[in-house]
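These values consider heavy atoms only, across backbone and side chains, with no hydrogens, waters or symmetry-generated copies.
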Amino acid sequence: MPSADLTLAECRAYRPELPLPGDFDAFWDRTLGAGPHGSGPGGGEPEQPRFEEVDAGLSQVRVHDVSIPGYDGRPVRGWLRMPAGATGPLGCVVEFLGYGRGRGLPHEQLTWACAGYAHLVMDTRGQGWSSAGGVTADTDPGASGTVPGFLTRGVESPGTHYYRRVFTDAVRSVEAMREHPGVDPGRIVVTGVSQGGGIALAVAGLVPGLAGVMPDVPFLCNIPRGARITGLPPYTEIAAYLRLYRDRTDSVFRTLSYFDAAHHATRATAPALFSIAMMDEICPPSTCFTAYNRYAGPKDVRVYEFNGHEGGTQHHQAEQLAWVRSLFAGLPAGPAART
């Protein structure tokens with residue numbers, strides 16, 4: 001379908017004003033201030049990440065069932081895949097998933113491990129109902145009166161919003177991989193498609209010292225515009241909520257501003273490789289370019305002019321493989337970066 005959004009030239013120049021809460025940084029400092037692993041459920045002793053090797057029937061890839069203490073210390077699951085027989089600390093790709101997806105099965109998503117990297121796929125709490133199953137529950141405070149989905153879950157306050165928990169889970173996942181003995185903490189890249197791309201951008205703004213960031217057709221960028229021009233889920237969840245709660249527009253968008261990846265992009269400094277699709281009706285290109293144009297670190301973008309939300313798919317993964325190889329080749333290897 002032809003794009004109904006801005007042209008590519010207009011997107012490249014698009015720099016809208018987005019209101020930033022005055023306590024944005026303080027909010028995230030408080031949220032993440034409990035330390036690398038937070039506290040245990042209910043404020044008890046902090047848990048430690050667990051990596052249990054499983055037999056996935058693969059001879060060239062080792063798979064570990066992962067449990068990492070996320071928000072409030074509650075377990076977030078995942079899969080860690082590593083090339084069999086690898087020696088020395090590996091570069092690592094931490095991947096966050098698209099809306100509705102869970103971590104899936106242990107023998108899926110083998111590309112990064114086959115390329116010689118450690119690859120952590122983080123389950124997204126409360127999701128796993130679309131094309132891949134998940135096993136991580138959501139504690140779900142403040143969920144009454146929300147539209148089915150996640151964008152309005154806990155939207156009454158930044159402190160109760162769903163993505164506060166998810167972004168914290170993602171930060172803790174990166175911290176856990178930095179401490180893993182098989183991973184080089186100075187060579188960690190975060191990535192994701194759609195929702196996963198938005199999470200990756202948030203992590204890029206919240207975690208210093210990443211080696212790289214690869215957001216693909218990212219969701220959660222310029223959320224007010226997405227809610228106003230997009231006729232497909234998930235952004236329509238916001239419109240549906242505000243059709244009912246007509247007096248809450250300002251408060252809803254203020255809450256969501258704490259989770260807007262376009263704000264987090266202004267705090268990010270790691271090299272980034274974006275992908276954006278110009279016929280994307282789910283994450284319109286102008287919203288993605290909002291984050292790209294505001295991104296503070298070195299950046300590049302691959303534009304897929306005639307693609308929708310599927311983006312570049314395997315063509316773009318070839319671009320990513322080459323980009324990560326070049327990126328890691330220019331970095332010193334070894335545990336010196338672990339702090």
S.K.: Which pair of heavy atoms, one from Pro69 and one from Gln48, lies closest together, and at what distance?
M.R.: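 Minimum heavy-atom separation between Pro69 and Gln48: CD-C, 4.0 Å.
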S.K.: Do Val166 and Ile238 belong to the same hydrophobic cluster, where Ile, Leu, Val, Met, Phe, Trp and Tyr are linked whenever their side-chain heavy atoms lie under 4.5 Å apart, directly or via other members?
M.R.: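 Val166 and Ile238: one cluster.
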S.K.: Partners of Glu310 by salt bridge (Lys or Arg N to Asp or Glu O under 4.0 Å), sequence neighbours excluded?
M.R.: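 Not a single residue meets the salt bridge (Lys or Arg N to Asp or Glu O under 4.0 Å) criterion with Glu310.
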S.K.: Less than 6.0 angstrom from the centroid, inside 45 degrees of the normal: does Arg30 satisfy that with respect to the ring of Phe27?
M.R.: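 Negative - Arg30 is either too far from the ring of Phe27 or too far off its axis.
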S.K.: Kindly compute the distance separating CG (Leu120) from CG (Leu80), expressed to the nearest 0.5 Å.
M.R.: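 Rounded to the nearest 0.5 Å, the CG-CG separation comes to 6.0 Å.
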S.K.: Looking at the rings of Phe24 and His264, which for Trp means the six-membered one, are their centres under 6.0 Å apart?
M.R.: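 Yes - the distance between ring centres of Phe24 and His264 falls below the 6.0 Å cut-off.
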S.K.: Provide the closest heavy-atom pair for Tyr295 versus Ala268 in the form atom of the first, atom of the second, distance.
M.R.: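 What the structure gives for the nearest pair is CE1-CB, 3.4 Å.
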S.K.: Determine, for Asp25 against Arg267, whether the closest basic-nitrogen to carboxylate-oxygen distance falls under 4.0 angstrom.
M.R.: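 Here Asp25 pairs with Arg267 in a salt bridge, since their nearest N and O are under 4.0 Å apart.
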S.K.: If the test is ring pair (Phe, Tyr, Trp, His ring centres under 6.0 Å), which one of Phe150, Trp28, Tyr163, Tyr162 qualifies with Phe259?
M.R.: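 Testing each of Phe150, Trp28, Tyr163, Tyr162 against Phe259, the sole residue satisfying ring pair (Phe, Tyr, Trp, His ring centres under 6.0 Å) is Trp28.
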S.K.: Keeping the roles fixed (side chain from Thr230, backbone from Ala227), state whether a donor-acceptor pair exists under 3.5 Å.
M.R.: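 It does not hold such a pair.
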S.K.: Are the side chain of Arg103 and the backbone N or O of Gly78 linked by a donor-acceptor pair below 3.5 Å?
M.R.: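 It does hold such a pair.
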S.K.: Decide, yes or no, whether a salt bridge links Asp138 with Arg153 under the criterion of side-chain N to carboxylate O below 4.0 Å.
M.R.: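 Judged by the 4.0 Å cut-off on N to carboxylate O distance, Asp138 and Arg153 do form a salt bridge.
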S.K.: Tyr258 and Tyr241: same hydrophobic cluster, using ILVMFWY side-chain contacts below 4.5 Å?
M.R.: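 Yes; Tyr241 is reachable from Tyr258 via cluster members.
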S.K.: Return yes if some donor-acceptor pair links the side-chain N/O of Thr255 with the main-chain N/O of Val155 below 3.5 Å, else return no.
M.R.: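 Answer holds: yes.
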S.K.: Ignoring hydrogens and geometry beyond distance, is a side-chain donor-acceptor pair present between His64 and Glu52 at under 3.5 Å?
M.R.: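 No, Glu52 and His64 have no side-chain donor paired with an acceptor closer than 3.5 Å.
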S.K.: Going by atom types only, do Arg164 and Tyr71 share a side-chain donor-acceptor pair under 3.5 Å?
M.R.: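 Distance-only check passes for Arg164 and Tyr71.
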